[in-house]
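Below is one structure; the comments refer to it alone.
All residue numbers refer to positions in the sequence shown, counting from 1.
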Amino acid sequence: MPKKTYQPKKRSRAKEHGFLKRMSSKGGIKVLKARRLKGRAKLSV
């Protein structure tokens with residue numbers, strides 16, 4: 001039986017997809033803006 005392909009780690013997930021990472025680039029800020037307009041409960045990880 002092979003091991004599962006997704007081994008979640010909170011640190012690496014936040015580093016890659018977290019709020020601060022999003023805010024650090026123009027594109028990321030656009031992403032957050034779009035998610036706010038859509039009314040998302042969670043903007044990022």
Run the side-chain donor-acceptor check on residues 34-43: report pairs under 3.5 Å with partners two or more places apart or on a different chain.
{"from": "R35", "atom 1": "NE", "to": "L43", "atom 2": "O", "distance (Å)": "2.7"}
{"from": "R35", "atom 1": "NH2", "to": "K42", "atom 2": "O", "distance (Å)": "2.9"}

request  = Could you pull out the closest heavy-atom pair between Q7 and K4, with the gap in Å?
outcome  = NE2-O, 2.7 Å
What donor-acceptor contacts under 3.5 angstrom involve side-chain atoms of residues 13-31, with partners at least two apart or in another chain?
{"from": "S24", "atom 1": "OG", "to": "K21", "atom 2": "O", "distance (Å)": "2.6"}
{"from": "S25", "atom 1": "OG", "to": "G28", "atom 2": "N", "distance (Å)": "3.1"}

